[in-house]
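Here is the structure we will look at.
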Amino acid sequence: VQLQASGGGLVQAGGSLRLSCATSESIFSLNAMGWFRQAPGRQRELVAAIAVGGATTYADSVKGRFSISRDKAKNTAYLQMNVLKPEDTAVYYCNAGPTWVLVAGTGGNYWGQGTEVTVSS
């Protein structure tokens, strides 16, 4: 597994979770990092992405609540999720690739295993 995701779980509405995605230096230094999610019966969608230089992109549904960051020293990207809503319930996937591919919603070549986020009402 080239991307190792962690941090999912069960939380009540209004709560917070932080997802982590660790990878190798070679992947991290050359690629944008992002998170996609897929809820049951729905298409996979981009949640947030961060370019190598730090520029960020967010889905409209999470703006103001989620924050993506990357730590060069740890080769790890983070997704801080605040004010979680039941509609945020999904399997979240870490992804790495060219920025435009993530922002286009396709996703790059590198995928982590999914981590499940469940928000109860």
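As the structure is a computational prediction, the values presented were derived from the model and not from experiment.
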Taking CG in N109 as the centre, count heavy atoms belonging to other residues, nucleotides or ligands within less than 6.0 Å. Is the count above 12? no

Ion pair D60/K63, N-O distance below 4.0 Å: yes

Please report the interatomic distance CG(L84) to CZ(F66), rounded to the nearest 0.5 Å. 5.0 Å

Same hydrophobic cluster for Y78 and M33, using side-chain heavy-atom links shorter than 4.5 Å among ILVMFWY? no

Decide whether M81 and V47 are clustered together by the hydrophobic rule: side chain heavy atoms of Ile, Leu, Val, Met, Phe, Trp, Tyr closer than 4.5 Å, transitively. yes

What heavy-atom pair brings V103 and L46 nearest, and what distance separates the two atoms? CA-CD2, 3.9 Å

Report the distance from atom CG of L79 to atom OG of S67, rounding to the nearest 0.5 Å. 8.0 Å

Distance check, rounded to the nearest 0.5 Å: I27 atom CD1 versus Q2 atom CD? 4.5 Å

Shortest non-hydrogen pair, T99 vs A32, comes out as OG1-CB, 3.5 Å

For residues L19 and V117, report the shortest heavy-atom separation together with the two atoms involved. CD2-CG2, 4.2 Å

Straight-line distance of S20 OG to L3 CG, nearest 0.5 Å: 12.5 Å

Measuring from S120:OG to L10:CG, what's the distance to the nearest 0.5 Å? 5.0 Å

Is Q113 reaching over with its side chain to a backbone N or O of Q4, donor-acceptor style, under 3.5 angstrom? no

Closest approach of N82 to S16 (non-hydrogen atoms, all atoms of both residues): OD1-OG, 2.9 Å

Short side-chain to backbone donor-acceptor contact, R70 and G53, under 3.5 Å: no

To the nearest 0.5 Å, how far apart are CD1 in I50 and CD1 in I68? 6.0 Å

So does Y110 get a backbone contact from the side chain of N95, meaning a donor-acceptor N/O pair under 3.5 Å? yes

On a heavy-atom basis, which atom in K74 and which in T76 lie closest, and how many Å separate them? O-OG1, 2.8 Å

Indicate the ring-plane relationship of W111 and Y93, choosing parallel, tilted or perpendicular according to the 30° and 60° boundaries. perpendicular

Quick one: does any side-chain atom of T115 pair with a main-chain N or O of Y92 as donor and acceptor, under 3.5 Å? no

Looking only at non-hydrogen atoms, find the nearest pair between A48 and Y58 and report the distance. CB-CD2, 3.6 Å

Begin with the C-alpha distance, continue with both residues' side-chain angles, and end with the deciding distance and a verdict on side chain to side chain donor-acceptor pair (under 3.5 Å) for T23 and N75. CA-CA 6 Å; T23 187; N75 297 321; over 6 Å; no

